[in-house]
Amino acid sequence: MLSTQAASSRVPFYLSLLVAFHIAIVIASNYLVQLPISLLGFHSTWGAFSFPFIFLATDLTVRLIGKSSARRVITRAMLPALVASYAVGVLFHDGRFNGFAALGDFNAFVFRIALASFAAYVLGQLLDIQVFDRIRQQSRAWWLAPAAASVFGQALDTAAFFSIAFWRSADPFMAAHWVEIAVVDYVIKLAVSLLLFVPAYGVALAAIVRTMRQSSAPTVAA
């Protein structure tokens with residue numbers, strides 16, 4: 001009983017860590033999405049490799065402490081992430097440091113990316129939580145819920161972000177190639193999630209559950 005109370009008392013601390021982690025990944029992804037790369041002749045961005053981390057953290061949150069707690073993480077992270085993403089995007093626009101004076105001028109292009117990230121983050125994460133929780137309750141296969149949640153959550157996230165950020169964009173390259181980039185970006189994120197983060201989810205979940213059981217054993221014995 002005491003160990004359960006102790007674990008519950010640490011939930012706010014864990015949620016705060018998750019909020020900080022979400023904000024950091026959103027900021028990094030908003031910066032990396034400005035850096036295009038070419039894979040097998042297709043256009044994409046470095047942001048495709050960073051954002052799946054959020055889905056891993058969200059799925060573990062839902063599994064361990066419930067979807068209401070996961071929704072609280074998103075609620076607390078979304079506005080700070082929007083502000084921080086804009087500031088970092090302005091300071092490091094085009095992949096170089098532009099000096100703090102750049103914050104004095106409103107950058108509509110960067111703000112549009114930050115706003116698109118805000119909308120995509122909220123929509124994608126909420127769908128991920130709903131799909132993950134529903135399938136987790138209906139299936140005993142540990143991998144099915146995170147895999148399905150990634151398929152649907154990242155599809156909505158990618159479609160929302162690229163359409164809001166780059167449809168008729170002031171950037172000629174992104175305006176011309178955003179659909180292609182979005183498709184390639186989604187394929188990369190999905191491949192990274194299914195091949196790397198779904199197995200990582202299983203390993204992390206097993207390690208966390210094992211640690212929780214070991215920490216509660218002395219109390220039960222006592």
Can you find a heavy atom in the side chain of [X] that is under 4.5 Å from one in the side chain of [Y]?
| X | Y | value |
| --- | --- | --- |
| Q125 | M78 | no |
| L103 | L91 | yes |
| Y121 | I74 | yes |

Once you round to the nearest 0.5 Å, how far does [atom1] of [X] lie from [atom2] of [Y]?
| X | Y | atom1 | atom2 | result |
| --- | --- | --- | --- | --- |
| Q130 | I135 | CD | CD1 | 10.5 Å |
| K67 | R134 | NZ | CZ | 7.0 Å |
| Y86 | N107 | OH | CG | 5.5 Å |
| L205 | R210 | CG | CZ | 10.5 Å |
| L195 | F197 | CG | CZ | 11.0 Å |
| F118 | L115 | CZ | CG | 7.5 Å |

*Mark yes or no for whether R71, through its side chain, and L126, through its backbone, hold a donor-acceptor pair below 3.5 Å.*
no
*Check whether any side-chain N or O of D128 sits under 3.5 Å from a backbone N or O of Q154 as a donor-acceptor pair, and report yes or no.*
no
If you take all heavy atoms of [X] and [Y], which pair is closest and at what distance?
| X | Y | answer |
| --- | --- | --- |
| S139 | L144 | OG-CD2, 3.5 Å |
| V26 | A81 | CG1-CB, 3.9 Å |
| A160 | L123 | CB-CD1, 4.3 Å |
| N98 | V90 | ND2-O, 3.1 Å |
| A165 | R112 | O-NE, 3.1 Å |
| S50 | L32 | OG-CD1, 3.8 Å |

*asked:* Evaluate F162 against V179 for side chain to side chain contact (heavy atoms under 4.5 Å, CB included), listing each step before the verdict.
replied: CA-CA 8 Å; F162 280 94; V179 175; over 6 Å; no
*How would you list all residue pairs meeting side-chain hydrogen bond (donor to acceptor under 3.5 Å, both in side chains) that involve residues 176-187, not counting sequence neighbours?*
D185-K189
*asked:* Please evaluate residues V198 and W142 with respect to the criterion side chain to side chain contact (heavy atoms under 4.5 Å, CB included), reporting the C-alpha separation (whole Å), side-chain torsions for both, the decisive distance (0.1 Å), and the verdict.
replied: CA-CA 9 Å; V198 169; W142 67 265; 4.1 Å; yes
All side-chain hydrogen bond (donor to acceptor under 3.5 Å, both in side chains) counterparts of [X], not counting sequence neighbours:
| X | value |
| --- | --- |
| S117 | N30 |
| Y201 | none |
| Q138 | none |

_Assess the residue pair T75 and R72 against the criterion (side chain to side chain donor-acceptor pair (under 3.5 Å)); give the C-alpha distance rounded to whole Å, side-chain angles, the decisive distance to 0.1 Å, and a yes or no._
CA-CA 5 Å; T75 301; R72 285 204 301 273; over 6 Å; no
*asked:* Assess the residue pair F21 and F53 against the criterion (side chain to side chain contact (heavy atoms under 4.5 Å, CB included)); give the C-alpha distance rounded to whole Å, side-chain angles, the decisive distance to 0.1 Å, and a yes or no.
replied: CA-CA 9 Å; F21 179 77; F53 279 100; 3.8 Å; yes
*For atom CZ of F106, decide whether the heavy atoms of other residues, nucleotides or ligands shown that lie under 6.0 angstrom number more than 12.*
yes
Path from [X] to [Y] over hydrophobic side-chain contacts below 4.5 Å:
| X | Y | value |
| --- | --- | --- |
| V151 | I188 | yes |
| V83 | V122 | no |
| I164 | L79 | no |
| F97 | V88 | yes |
| I27 | F100 | yes |

*Classify the ring geometry between F161 and F166 as parallel (under 30°), tilted (30 to 60°) or perpendicular (over 60°).*
perpendicular
_Identified side chain to side chain contact (heavy atoms under 4.5 Å, CB included) counterpart of I129 within the set T58, T61, V73_ = T58
*Not counting sequence neighbours, which residues clear side chain to side chain contact (heavy atoms under 4.5 Å, CB included) with L127? List them please.*
V131, F152, L156
*Looking at residues at least two apart in the chain, or sitting in another chain, which of them share a ring pair (Phe, Tyr, Trp, His ring centres under 6.0 Å) with F49?*
W46
